[in-house]
Amino acid sequence: MQMSDIPFGTTDWSMVETTEHKGETGSASWRTRQFGPVRVRMVEYTPGYLADHWCVKGHVLLCLEGELTTELADGRVFVLKPGMSYQVADNAEPHRSSTKIGARLFIVD
C-alpha cells in the first residue's frame, strides 16, 4: 500500500455518515473515509451477521469490540476478539465474516 499526498488530519468517527449493508443475515454499519486510494472504515456488525459474499479485497482489520469469525474459502476459521487483528492481500485468500454476538472493527484497505 502506497500512502502519499494525505495531509495530517483527525477523524471524529461519530460525525462520519453511516451506510447500511445487508448481510446474508444481519447487517453492517459502515462509517467510511477515503484518503486517495486508501479506504478507512469503522464497521459495526449486528449480532447474527453473516456476509453475503466471499471477499477478495485485501484488508488490515482490527477487532475493537465483540467477536468476529473469519472463514477462508479453504475451510480455515479464525476468531478475533478485541485487540486482535488480521491482514490479507488483494486476491490472495477469499474470506467472509460472521459474528454471533456482534463486533466493532477498524479496517484499512
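Index from 1, following the sequence.
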* Those residues that, when tested against Pro82, pass side-chain contact (heavy atoms from CB on, under 4.5 Å) (two or more places apart) -> Cys63

* Taking only residues two or more places apart in sequence, or in another chain, which ones meet Thr69 in a side-chain hydrogen bond (donor to acceptor under 3.5 Å, both in side chains)? -> none

* Structure fact -> Hits for salt bridge (charged side-chain N to carboxylate O under 4.0 Å, His left out) against Asp74, two or more places apart or cross-chain, chain-then-number order -> Arg76

* Looking at residues at least two apart in the chain, or sitting in another chain, which of them share a side-chain contact (heavy atoms from CB on, under 4.5 Å) with Ala92? -> Val88, Ala89

* Asked: Which residues satisfy the side-chain hydrogen bond (donor to acceptor under 3.5 Å, both in side chains) test with Thr32, sequence neighbours excluded?
  -> none

* Structure fact -> Sorted by chain and residue number, the salt bridge (charged side-chain N to carboxylate O under 4.0 Å, His left out) partners of Glu24 (sequence neighbours excluded) come out as none

* To do: Only counting residues at least two apart or in another chain, list the ones meeting side-chain contact (heavy atoms from CB on, under 4.5 Å) with Asp12.
  => Ser14, Met15

* Asked: What is the distance from atom CG of Leu68 to atom OG of Ser85, rounded to the nearest 0.5 Å?
  -> 11.5 Å

* Asked: Residues two or more places apart in sequence or in another chain: which of them pass salt bridge (charged side-chain N to carboxylate O under 4.0 Å, His left out) with Glu71?
  -> Arg96

* Between Thr46 and Ser27, is there a donor-acceptor pair closer than 3.5 Å when you use the side chain of the first and the backbone of the second? -> yes

* Same apolar cluster (I L V M F W Y, side chains within < 4.5 Å links), Val40/Val16 -> yes

* Ser29 and Glu20: side chain donor to acceptor below 3.5 Å -> yes

* Structure fact -> Taken in chain and number order and not counting sequence neighbours, the residues that satisfy side-chain hydrogen bond (donor to acceptor under 3.5 Å, both in side chains) with Thr19 are His21

* Residues in side-chain hydrogen bond (donor to acceptor under 3.5 Å, both in side chains) with Thr18, at least two apart? -> Arg31

* Can you tell if the side chain of Arg33 reaches within under 4.5 Å of the side chain of Trp13, non-hydrogen atoms only? -> yes

* Asked: Counting only heavy atoms not in Asp5, do more than 12 sit closer than 6.0 Å to its CG atom?
  -> no

* To do: Not counting sequence neighbours, which residues clear side-chain contact (heavy atoms from CB on, under 4.5 Å) with Leu64? List them please.
  => Met42, Leu62, Arg104, Phe106

* Asked: Under a 4.5 Å cut-off applied to non-hydrogen side-chain atoms, are Val38 and Val108 in contact?
  -> yes

* Beyond-backbone contact of Thr11 with Phe35, side-chain heavy atoms, under 4.5 angstrom -> yes

Pair up each side-chain donor or acceptor in residues 47-60 with any protein partner under 3.5 Å, not counting sequence neighbours, and list the distances.
| residue | atom | partner | partner atom | Å |
| --- | --- | --- | --- | --- |
| His59 | ND1 | Asp109 | OD2 | 2.8 |
| His59 | NE2 | Lys57 | O | 3.2 |
| His59 | NE2 | His95 | NE2 | 3.2 |

